[in-house]
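In what follows, chains are A, B, ... by sequence order, proteins preceding strands, each numbered from 1. Predicted, not measured: the structure shown is a model, and the values here were computed from it.
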Amino acid sequence: MSESLGDAPRKLGLDAWDQRYAALRQAGLSEPEYGGPLGRHVFERGDLRLRHLEFDNSAAALRLWNFLLTENERLRQARTRGEKIVGTMKDLGTVPVMAYALPRVRAFYPDGAWWTPCLMECSDGLLQQADLQGIDGSFCPVRALLPAFETEAHFPQPDWLVCSTGAVCDDFTAIAQRLERLGHPICWWEMPRRRSPDPGEPACTLPGGGLAPAVQVQWVRDELERVRAGLSGLVGQPLTDEQLRDGIREANRVRRLLGALREAAHGAPSAPLPALELLVAEMLTLHFCSDRDETVAVLAELLVEVQTRCAQGHAVLAANAVRVYWVNPVADLRVLNRLEEWGGRVCGSDYMFTHALDLIPETLPPLEALARTALADPMVGPTADRAERIVAECRAWGAEALVVARIPGASHCAREGAIIREEVRAKVGLPTIDLEIPPVCDAMLPTLDSRLQALLEAARARRST
Amino acid sequence: MQIFFSSPWIPAEWIRAHGLEARALGFAPDLDLAAARPGAGVCAYAEAVVGWLERHAESAAVFASTCDQMRRAFDIATRRAPSRSFLFNVPATWQTPTAGQMFRAELERLGRFLEALGGRAPQAEDLVRRLADSNGKRRRLLAGAPRCRAHAYAAAVARFHWDGSEAVIEPSGPLPAEAVPLALVGGPLPMAHWGLIEALERAGGRVALNATETGERSLLPQFRLDQARTDPVAALVHGYLGHSVDVFQRPNTRLYAWLGQQVAAWRIRGLVLWHFVGCDLWRAEAQSLREAFRLPVLVLEAGEGAGDSPRSLGRLEAFLELLKSAASNPAVAATADKPEAHPATEASEEPR
Ligand code: SF4
Ligand code: SF4
């Protein structure tokens, strides 16, 4: 659509996008039900941060953003239609595959409240309310979910809550426990800390290529069996293996589309899509933004846009942009814009849920396949494993620098950032930085900018040597 | 070889049954709790465990997987001392057969690690004897709690976890009758921080319940000897998994149930929640503790010293004052339900 209007790929601020929206509509743009100008999210939902972001100018990106930003409304509509809503927490990508295998069930991650303070520029007061509930700034931004449950102003109350525990971060497990004490019962399922198999110990290959002891896979499978029982109880009918197989196939459709998108975007000599849209696209794999079919449509359109741009040699960023590998999600989305402003592009990422991007094995018994997927979570195993994958991807995508985004308060960040950077420096020789990014980083922008500039400068200097 | 363990939920009896010395790291005299950089978001206890292992090339350490901080500390330790570090996966859930299977498999894996370090394969009879011995010591120590002043009691518990020996609990001199009974709640309370106990007493309180890892809570595992005679490993699994009480468990209802009994039994009038900087698991419980027991809660961070820094002392005194006035004035006592009404507890809510 953007090409048909003769517009070269570029990034637009919110006002410019709304003007473009009018032009697109005039030119015959047809949209799904949740469509509309991006600017409306600012006054309708209070997503003030959008005013400070820049977006890709394609109709595909418009659809992506509208899809993301209307999730809560769509969930409420589903509730009105009598569908069951599952709040699935922490595992990032596994339980939703099971939930969506059932008819008239939607699963979402209340964890997504992580981004609400950023999107609403803290105007929602969620962090302040979390403070009053005893969960202060020593916890990561996911603490926003606690008041979000209480106020019900963001997402609807789930009919059932399920949360992985064991080898998960302290922030989340502590906050989820507090949530349960506040009267929201939770089905906890155990995620063992993944380890390497001992010599001679039976082992299983995980999606992504890692290995885990077979006995750990069996435990997770048993735990997912309990989750299956819970889901079946919720809808009053058994969740069968056949349904799970279908669910896995559908999830893999999404994952394949995303894989193709990443391949095309990261592999292109010049960036065909900005980092923000790529991040949002990756997030869709977690719980399909509460609509699995629509996720397929959104990603398919985005992929066509990227492939078209690549075929025509069009890019959204300068051809000589420094290729940066990004580790961890950014608490403030604006930082990804800034990286690009200073001449960088994201050419690879580990936003802490790489296991939600890998294909789920389709030839195994379904719960076995899902157990292996869950165990491949980069956050439940040794940091060295995570670093190994990052090193491999840095090489594969030709990264020239690495950024570890530090999440304020997160229990894992202090240690893992150091290990990842050490490994990347030692094995790929890239310049690296560790940036702590608060949900609204405006006050820190000068510091963040200068650190990003220094990193990009160091990467450019390496080109000449 | 000495095998040090980071948590009371690592079965010391199992290590000793391998012919090795088992010692609780929390009571190592040279544990350097000052090593963690303040503000770095790292738990000083977890950091100290890593540092300690680095300095002791002749020893090995068993880390418990019970929190992210400790698992990440293990990530560091395993880079620096791979053959001397072991991470024991203690399940957070305990109600399912899977949790029992995990615990048992971890015991067996730990056994292989210990044998690789020179330990011998455990003999069933020896293990049963050790479990019986441990049962007796744990019971006697628990029974001795009411007769013993808190500092001496902490020393007795530490000694048990240090080398498995049992200190004779001598009745210690009483505190003034008006001393306010308190529960000290939290995770590890290494010796360097025992000054907190005296500081509480000086401020007019007494630690009637020590619910840290240096107190009664750490002694709860009990082993079924009838089961041990046929399957001692199963008895060990059941003893730990069935009786451990901690904040990391999901749900952590056992902690609240146990605390509830103790709070009632000892007529506790206030809780002191003691935690290390960076310890999300304990810190997050402050509000739930207030709500569950309807008692004032003072949150103290280990970064504030051993409870005897001027700032901590001021807060302790204010807290005890509040409790004393609550006793004589029901209107003040009623405010105990509302955290914002307690200056002492409010002051604790500042960000790190
Ligand atoms: S950002 Fe890190 S600490 Fe926070 S919920 Fe996610 S994994 Fe946990
Ligand atoms: S004090 Fe808290 S953070 Fe530190 S090791 Fe213990 S539970 Fe973990």
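The two residues A/Gly166 and B/Arg71 make their nearest non-hydrogen contact at O-NH1, 3.4 Å. Residues A/His412 and B/Asp68 share a closest heavy-atom pair of CB-OD2, 3.5 Å. Across every non-hydrogen atom of B/Asp75 and A/Pro382, the tightest pair is OD1-CA, 3.6 Å. Counting all heavy atoms, side chain and backbone alike, A/Asp170 lies closest to B/Gln69 at OD2-N, 3.3 Å.
With respect to chain B, the highest number of heavy-atom pairs below 4.5 Å among A/Ser411, A/Ala176, A/Pro408 belongs to A/Ser411. Of all the listed residues (B/Arg112, B/Met102, B/Gln95), the one sharing the greatest number of non-hydrogen pairs under 4.5 Å with chain A is B/Met102.
Note: A/Thr173 OG1 to B/Asp280 CG = 10.5 Å, rounded to the nearest 0.5 Å. Here the CG atom belonging to A/Leu146 is positioned 10.0 Å from the CD atom belonging to B/Gln287, to the nearest 0.5 angstrom. Between the CD atom in A/Gln218 and the OG1 atom in B/Thr98 there is a gap of 8.5 Å [rounded to 0.5 Å]. Rounded to the nearest 0.5 Å, atoms CZ (A/Phe139) and CZ (B/Arg283) are 6.5 Å apart. Taking CD of A/Glu223 as the reference point, atom OG1 of B/Thr96 lies at 4.5 Å (rounded to 0.5 Å). The CZ atom of B/Phe74 lies 11.0 Å from the OG1 atom of A/Thr383; values are rounded to the nearest 0.5 Å.
Salt bridge annotation for B/Glu285-A/Arg178: absent, with no cationic side-chain nitrogen under 4.0 angstrom from a carboxylate oxygen. A salt bridge links A/Glu416 to B/Arg72: at least one charged side-chain nitrogen sits closer than 4.0 Å to a carboxylate oxygen. Under the 4.0 Å criterion applied to side-chain N and carboxylate O atoms, B/Glu47 and A/Arg415 are assigned as salt-bridge partners.
For A/Trp160, the ring pair (Phe, Tyr, Trp, His ring centres under 6.0 Å) criterion is met by no residue, not counting sequence neighbours. Shown here are the side chain to side chain donor-acceptor pair (under 3.5 Å) partners of B/Asp231, two or more places apart in sequence or in another chain: B/Arg104.
Residue contact with chain A, scored on non-hydrogen atoms closer than 4.5 Å, involves the backbone and the side chain of B/Ala73 alike. At a 4.5 Å heavy-atom cutoff, the contact between A/Val168 and chain B is made by backbone atoms alone. Residue A/Glu225 does not touch chain B at all, counting heavy-atom pairs closer than 4.5 Å. Neither the backbone nor the side chain of A/Glu201 comes within contact range of chain B; no heavy atom of the residue lies under 4.5 Å from a heavy atom of that chain.
For a heavy-atom cut-off of 4.5 Å, chain A lies close to B/Gln249, B/Arg250, B/Pro251, B/Asn252 in residues 245-252 of chain B. Contacts from residues 189-196 of chain A to chain B, taken as heavy-atom pairs separated by less than 4.5 Å, involve A/Glu190, A/Pro192, A/Arg193, A/Arg195 in sequence order.
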Practice item. Could you walk me through whether B/Tyr256 and A/Arg181 pass side chain to side chain contact (heavy atoms under 4.5 Å, CB included), step by step? Key: CA-CA 11 Å; B/Tyr256 280 80; A/Arg181 289 226 153 254; 2.9 Å; yes
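At most 12 non-hydrogen atoms from other residues, nucleotides or ligands lie less than 6.0 angstrom from CD of A/Glu388.
In this structure, A/Asp222 and B/Gln101 have side chains that are in contact, with non-hydrogen atoms separated by less than 4.5 Å.
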